Number of protein chains: 2
Amino acid sequence: MVEAAAKGAYHHGNLPDSLRAATAELIAEKGPSGFSLREVARRAGVSHAAPAHHFGDTEGLLTSLAAEGYSTLADALEEALQSSDDPYECLLAGGRAYVNTALENPGHFAVMVVNDQVCNTDGEFLTESMRSYEALQAMIIKIRDQLNPELDVDAACTFCWASIQGLVQLSGLLDKVADDMGTTKASLDESIESFTHLMINGMSGEQPA
Amino acid sequence: MVEAAAKGAYHHGNLPDSLRAATAELIAEKGPSGFSLREVARRAGVSHAAPAHHFGDTEGLLTSLAAEGYSTLADALEEALQSSDDPYECLLAGGRAYVNTALENPGHFAVMVVNDQVCNTDGEFLTESMRSYEALQAMIIKIRDQLNPELDVDAACTFCWASIQGLVQLSGLLDKVADDMGTTKASLDESIESFTHLMINGMSGEQPA
DNA sequence: GTTCGATCTTGTCACTGTCAAGCAAATTTC
DNA sequence: GAAATTTGCTTGACAGTGACAAGATCGAAC
């Protein structure tokens, strides 16, 4: 507690962080089903039972990884939220932030989105996922205030969240890593734009220029 | 091949079907991570290696289950497609069909949506998932023809698919089974309506009555 | 410099997926 | 209608897994 960095200086250095990193890397490489506590321990250079000491069990480790992912996502969304006052631009920035974060953290997102091994009542998990949700909510409120005063904010939030999450999934970002990160990223950028347009104007609305 | 029903009459009766059913039940009970080949074999009353004979390995069994799920979904979507000529009513019927099928087949949907243990290049899997996608596409074409001639059908399909899939996920239909099926079903019905409205009119559009 | 608690290791257990070999029943072949 | 063959399933084995218990080792506090 004396030094700033000393907080994380254990025998190993900082095992919890190393274990999370190893887990993210492993899942990004082999997919969620390729995960194993023992392999993670091996990669971090510790014995097979070391993870249990910090995270209890598999669920504990994966939950912690998911919380870390939501924390990163929340930061990105909050930044996007303040990037513009125009509701369309703001939502677009949010979509880009979501997708970019997913691309940069495939191992995290694989456990964040759908994973029955994650405890979604965990404190830090709840805090960070709520922070992400609230950033989205603020974007939707901008839309309500400037475009449609009668908009049901809750319904719209669920709608946007589901849509963007579905997009990330459909793009195959969650299984094995996209080896063609380049082309994936390019087509995703287009998708984000068409999604944003459709979310705001709907399928019956006028088309973009 | 002589009799109609004889095709499935093995020692056990019809092991492949029994194994799929046991798998769906097990996953619905304990979630995808609670699945085990040996537990499935136990429930079907056969030895631990019996499944391998029909499905090769875990991936084979889960892929087969996913294909079965998409087949059911495609049937439901095709029925919804023909339920109305009104594009809004048709899409609404499609959304209801999707959600109802998911509710009635939680074990199937848990492996259909996101699962790196499913081989998505499998023939039957491809056939049935394409059949589902094409039913949705036909709905979107109705929208284009009657509401918005300039609609990008492919983009709209991806959008709808992602949205509805995201909704099913967010509703927690894929983890553990919803024990409160009643209330879930009711709130889902509302969600489907608001989703359909938002997909067609967008967040900036006029609100429903 | 001893105590004490946090960090990590070693050893073990029941369980898992997969493979190889064998058995039994059904179907074919003559 | 018996022999041969294919199909359906069982038994046995092996390396790997998650979780637990007990012990070792290190850092810090006093």
Side-chain angles (χ1 to χ4, degrees), chain A residues 1-23 25-27 29-66 111 115-119, chain B residues 1-23 25-27 29-66 111 115-119:
Chain A
M1 290 267 208
V2 185
E3 293 183 32
K7 205 260 167 188
Y10 309 133
H11 295 180
H12 174 274
N14 189 343
L15 231 205
D17 274 350
S18 296
L19 289 172
R20 270 187 295 263
T23 303
E25 199 185 284
L26 176 59
I27 292 181
E29 261 179 47
K30 308 199 176 175
S33 69
F35 165 83
S36 116
L37 259 187
R38 289 169 108 108
E39 174 65 21
V40 163
R42 244 171 263 134
R43 292 188 177 210
V46 291
S47 79
H48 67 261
H53 188 259
H54 294 279
F55 298 104
D57 56 3
T58 301
E59 186 173 294
L61 173 52
L62 295 183
T63 300
S64 176
L65 187 69
V111 296
N115 199 318
D116 65 337
Q117 301 238 58
V118 164
C119 173
Chain B
M1 291 265 207
V2 186
E3 294 182 31
K7 206 258 165 187
Y10 310 133
H11 296 176
H12 173 274
N14 188 343
L15 230 206
D17 274 352
S18 296
L19 289 172
R20 270 188 295 263
T23 302
E25 197 185 286
L26 177 58
I27 292 180
E29 260 179 46
K30 308 198 176 175
S33 69
F35 165 82
S36 117
L37 259 188
R38 289 171 106 107
E39 175 64 22
V40 163
R42 245 171 261 133
R43 291 187 178 209
V46 292
S47 79
H48 67 262
H53 189 260
H54 293 279
F55 297 105
D57 55 4
T58 302
E59 186 174 291
L61 173 53
L62 294 183
T63 300
S64 175
L65 188 69
V111 296
N115 199 319
D116 65 338
Q117 301 240 60
V118 164
C119 173

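Every chain is numbered from 1 and lettered A, B, ... according to where its sequence line falls, protein lines coming before strand lines. The shown structure was predicted, so the numbers you read here are calculated from the model rather than taken from an experiment.
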Undergrad: Whole-Å distance between D/dC20 P and A/Glu59 CD?
TA: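 That distance rounds to 12 Å.
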Undergrad: Under 4.0 Å between any heavy atoms, over every strand shown, what does B/Ala52 touch: base, sugar-phosphate, or nothing? Just pick one.
TA: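 Nothing: the residue B/Ala52, judged by heavy atoms under 4.0 Å, touches no strand.
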Undergrad: Drop me the distance from B/Ser36's OG to B/Arg43's CZ, to the nearest 0.5 angstrom.
TA: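 Reported to 0.5 Å precision, the distance equals 9.5 Å.
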Undergrad: If you compare every side-chain N and O of B/Ser36 against the phosphate oxygens of C/dT16 (OP1, OP2), does one of them come in below 4.0 Å?
TA: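 Answer yes for this pair, as a side-chain N or O of B/Ser36 is under 4.0 Å from OP1 or OP2.
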Undergrad: Measure CG/B/Asp57 against P/C/dT16 and give the value in whole Å, please.
TA: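 In whole Å, C/dT16 P and B/Asp57 CG are 17 Å from each other.
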Undergrad: Tell me whether the side-chain N/O atoms of A/Arg42 come closer than 4.0 Å to OP1 or OP2 in D/dT17.
TA: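 Looking at the OP1 and OP2 atoms of D/dT17, one of them is under 4.0 Å from a side-chain N or O of A/Arg42.
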Undergrad: Could you work out which one of C/dC8, D/dT10, C/dT18 sits closest to the side chain of B/Ser47?
TA: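 Given the options C/dC8, D/dT10, C/dT18, the side chain of B/Ser47 is closest to D/dT10.
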Undergrad: Whole angstroms only, please: what is the CG-P distance between B/Leu26 and C/dG17?
TA: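 That distance rounds to 10 Å.
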Undergrad: Counting only side-chain nitrogens and oxygens, does B/His54 get under 4.0 Å of the OP1 or OP2 atom of D/dC9?
TA: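 Answer is yes, contact under 4.0 Å.
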Undergrad: Closest to the A/Leu37 side chain: D/dG18, C/dG17, C/dT7?
TA: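 For A/Leu37, the side-chain atoms sit closest to D/dG18.
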Undergrad: Whole-Å distance between D/dC9 C1' and B/Phe55 CZ?
TA: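 For the pair B/Phe55 CZ and D/dC9 C1', the rounded distance is 14 Å.
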Undergrad: Where each residue is assigned the nucleotide of DNA chain C containing its nearest heavy atom, which of B/Thr58 and A/Arg38 is assigned the position nearer the 5′ end?
TA: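 First, find each residue's nearest nucleotide; the 5'-ward one identifies A/Arg38.
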Undergrad: Would you check if the side chain of B/Ser64 reaches a backbone N or O of B/Gly60 as a donor-acceptor pair within less than 3.5 Å?
TA: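 Such a contact is absent between B/Ser64 side chain and B/Gly60 backbone.
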Undergrad: Rounding to a whole Å, what distance do you find between B/Leu19:CG and D/dG8:P?
TA: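 It works out to 13 Å between those atoms.
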Undergrad: Measure from CG on B/Asn14 to C1' on D/dG8 and round the result to the nearest Å.
TA: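 Atom CG in B/Asn14 sits about 12 Å away from atom C1' in D/dG8.
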Undergrad: Ignoring the backbone of B/Phe35, work out which of C/dT7, D/dC9, C/dG17 is nearest its side chain.
TA: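 Nearest to the side chain of B/Phe35 among the choices is C/dG17.
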Undergrad: If you only use heavy atoms from C-beta on, which nucleotide in D/dG18, C/dT18, D/dC9 is closest to the side chain of B/His53?
TA: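 So the side chain of B/His53 is nearest to D/dC9.
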Undergrad: Using modelled atom types and a 3.5 Å cut-off, is there a donor and acceptor pairing between side-chain atoms of B/Thr63 and backbone atoms of B/Cys119?
TA: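 Here the side-chain-to-backbone pair exists.
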Undergrad: What's the spacing between A/Leu26 CG and A/Arg42 CZ if we round to 0.5 Å?
TA: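 If we round to the nearest 0.5 Å, A/Leu26:CG and A/Arg42:CZ are 10.0 Å apart.
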Undergrad: For D/dA19 and A/His48 - does any side-chain N or O of the residue sit under 4.0 Å from the phosphate oxygens OP1/OP2?
TA: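 Checking D/dA19 against A/His48, no side-chain N or O comes under 4.0 Å of OP1 or OP2.
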Undergrad: Given C/dT9, D/dG18, D/dC9, which nucleotide is nearest the side-chain atoms of B/Ala50?
TA: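 Output: D/dC9.
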Undergrad: Any donor-acceptor pair under 3.5 Å linking the side chain of B/Ser18 with the backbone of B/Asn14?
TA: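 Answer holds: yes.
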